[in-house]
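Notes follow the structure.
These numbers were taken from a predicted model, which means no experiment stands behind them.
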Amino acid sequence: MLVTLSIRNLAVVEEVDVVFHPGFHVLSGETGAGKSIIIDALGLIAGGRSSADLIRYGCDKAEMEALFEMEQSHPVWQTLEKLGIHCEPEEHLVIRRELNTQGKSTSRINGQLVNLTMLREVGEKLINIHGQHEHQSLLRAESHLGLLDTYGSEVIGPIKAKYQERYSKFITAEKELRALQESSQRAYQLLDMYRFQLEEIAAASLTQGEDELLGEERVKLSHSEKMMDSVAGAYDLLSGQRGLEAVSIALSRIEDISGYDSKGLQPIVEQLQSAFYQLEDATFQLRDYREKIEFNPARLEEVEQRLNLISGLRRKYGDSVELILSYYDQISHETDQLENKDERLEKLRAERDKMLNLVMESAEELSKVRKQCAEELAAQVESELKDLQMERTTLRVQITPFEDPKGIEWNGRRIRLNRHGADNAEFLISPNPGEPLRPLGKIASGGELSRMMLAMKSIFARHDRIPVLIFDEVDTGVSGRAAQSIAEKLFRLSSTCQVFSITHLPQVACMADHQYLIEKHVYDGRTMTQVESLSDEGRVKELARMLGGVEITEKTLHHAQEMLNLAEAKKG
């Protein structure tokens, strides 16, 4: 359950710290006092969208912090573990969120930073807020299937997951088949082009790195005459009297006198000997290299032609021989696929048909369990509606195939498949005996919608184990005995979870276990909202205000006390 809520600088709230308890809580106060800000704060704690406009004027940031006390078996602990958030189930769960003036928010769970997606995943396990706009979701038939699937999640969930897996495979096969069928004309054009390209590349008989080797050979052949002149000249210089012979004579003369000063001359002798041997070796290498220099204009012409051929292929198919050969392998594979296109079409068509049979098998199974759950849901809603002064109401959840002229043909019908199956679901209602069942949106009043939503929430609360349920003026459009029945329903609902309700109706407020007064005051020219936990005496005064307006008389005080006494008797 929610134990405490702290709010700083949110809208007209400067600073509020509220302690909550198990049971049914009512938030009351004049219109515009700031009751919805408390709900907004809890919505932000649960991962709702933020806005810089929510920050109190003149402040840098708004802060909200909520402390929850959850049983060790609650699903939220598994969610936290999955998200990598370290928490001990024996301890409290603390969620903190800050908004800054740039519109950014920072969220922490037990001190650990989390992103908004993670916060929302945890928040939806803790808080469920039912606002007035949710009445309208009941009017949209497209939302009814989701409500049914939520109700029957234990039974429907595994079958729906199996259907969705098959549906994804079917869609993949369908797309691949359609793409291959639509590409037929272009495929034949590509095939002709690929065959030409394959022949052109194959005729060149390319080898890896050939262009680099040919380039090196062309440089040598183009400059063979200059190379011959330079190499021959260098050899002549080294091998002549001014080359090796001169070094040899110099070495001999130094060796003759080295004995007179071995310490000074011997190192020089060794250097000259090393230089002589190296020059001698270089001279022999130049001689051998000179013999290999080739004057071959015919070979140069052949290399030029080969390089021109490769250059032409590079302009078309890749910047190197390696890329040309890689392109050759690629179009060889694609050509093989195109040449076997008809065979592949048949294979894909067979695979698509197989997946269609499987997905329709799952769709029919899903429809079957949905119809079973629809009967159970309708019976439970009718039972709940009896407690809400709608005992003559008949409800049916109609499950029909999702027919579409452009859909898939199946058993003589055109059915549209989507990720949720092949079904339409719609709530049909008959408020009075003898009247036909008709769509909910066509005959339900605002008060009936409020009670329908409350009945649904009462049922779902037993399935989803969300500990905090918040109703923002769920009693809109009702009065008298219907309002009393809503109050009693909210109180009974609080036996399984913590219930909060914003209300202007004294019939609802008097049934609460705890009542909080939201008031707006002006201090030093600034508006501030305060939250006060009402004592028994305070509740009497607040109920009297709700009953009588501005003027509180002895009669309204007496009536308020009487309502509280009757409420306690009902609760007891």
Sidechain N-carboxylate O distance under 4.0 Å for Glu174, Arg178: yes
Charged N-O contact under 4.0 Å between Glu65 and Arg96: yes
Distance, nearest 0.5 Å, that separates CG of Leu385 from NZ of Lys489: 8.5 Å
Side chain to side chain donor-acceptor pair (under 3.5 Å) evaluation trace for Glu384 with Gln380: CA-CA 6 Å; Glu384 295 288 338; Gln380 288 197 27; over 6 Å; no
Gap separating the CE atom of Met1 from the CE atom of Met70, nearest 0.5 angstrom: 10.5 Å
Mutual orientation of the aromatic rings belonging to Tyr523 and His521 [parallel < 30°, tilted 30-60°, perpendicular > 60°]: tilted
Charged N-O contact under 4.0 Å between Lys520 and Glu30: no
Among Glu98, Glu15, Glu14, Glu63, the one residue meeting salt bridge (charged side-chain N to carboxylate O under 4.0 Å, His left out) with Arg8: Glu15
Salt bridge (Lys or Arg N to Asp or Glu O under 4.0 Å) assessment of Asp423 paired with Lys371: CA-CA 10 Å; Asp423 298 322; Lys371 288 174 182 176; over 6 Å; no
Distance in Å, Ile518 CD1 paired with Ile38 CD1, rounded so as to fall on 0.5 Å steps: 5.0 Å
Note: Glu568-Lys571 ion pair, threshold 4.0 Å (strictly below): yes
Asn9 vs Lys61, side chain to side chain contact (heavy atoms under 4.5 Å, CB included): CA-CA, chis, key distance, verdict: CA-CA 7 Å; Asn9 302 322; Lys61 62 181 180 179; 5.8 Å; no
Test side chain to side chain donor-acceptor pair (under 3.5 Å) applied to Glu542 and Ser28, step by step: CA-CA 8 Å; Glu542 174 61 8; Ser28 63; 3.0 Å; yes
Residues Asp149 and Arg370 bridged, charged N to O under 4.0 Å: yes
Close side-chain approach of Leu116 and Arg97, heavy atoms under 4.5 Å: yes
Check against side chain to side chain donor-acceptor pair (under 3.5 Å), Glu361 and Asn357: CA-CA 6 Å; Glu361 177 185 304; Asn357 288 332; over 6 Å; no
Side-chain heavy atoms of Gln484 within contact of Met511, under 4.5 Å: yes
Steps toward side chain to side chain contact (heavy atoms under 4.5 Å, CB included) verdict (Ile127, Phe68): CA-CA 11 Å; Ile127 299 172; Phe68 295 86; 3.8 Å; yes
Pairing residues for Arg108 by the salt bridge (Lys or Arg N to Asp or Glu O under 4.0 Å) criterion, not counting sequence neighbours: none
Ring geometry between His21 and His25 (parallel below 30°, tilted from 30 to 60°, perpendicular above 60°): parallel
Stepwise side chain to side chain contact (heavy atoms under 4.5 Å, CB included) test for Leu147 and Val397: CA-CA 11 Å; Leu147 291 170; Val397 184; over 6 Å; no
Partner set under ring-ring contact (aromatic ring centres under 6.0 Å, His included) for His74, not counting sequence neighbours: none
Pairwise distance CG(Asn418) to CG(Leu145) - rounded to 0.5 angstrom: 8.0 Å
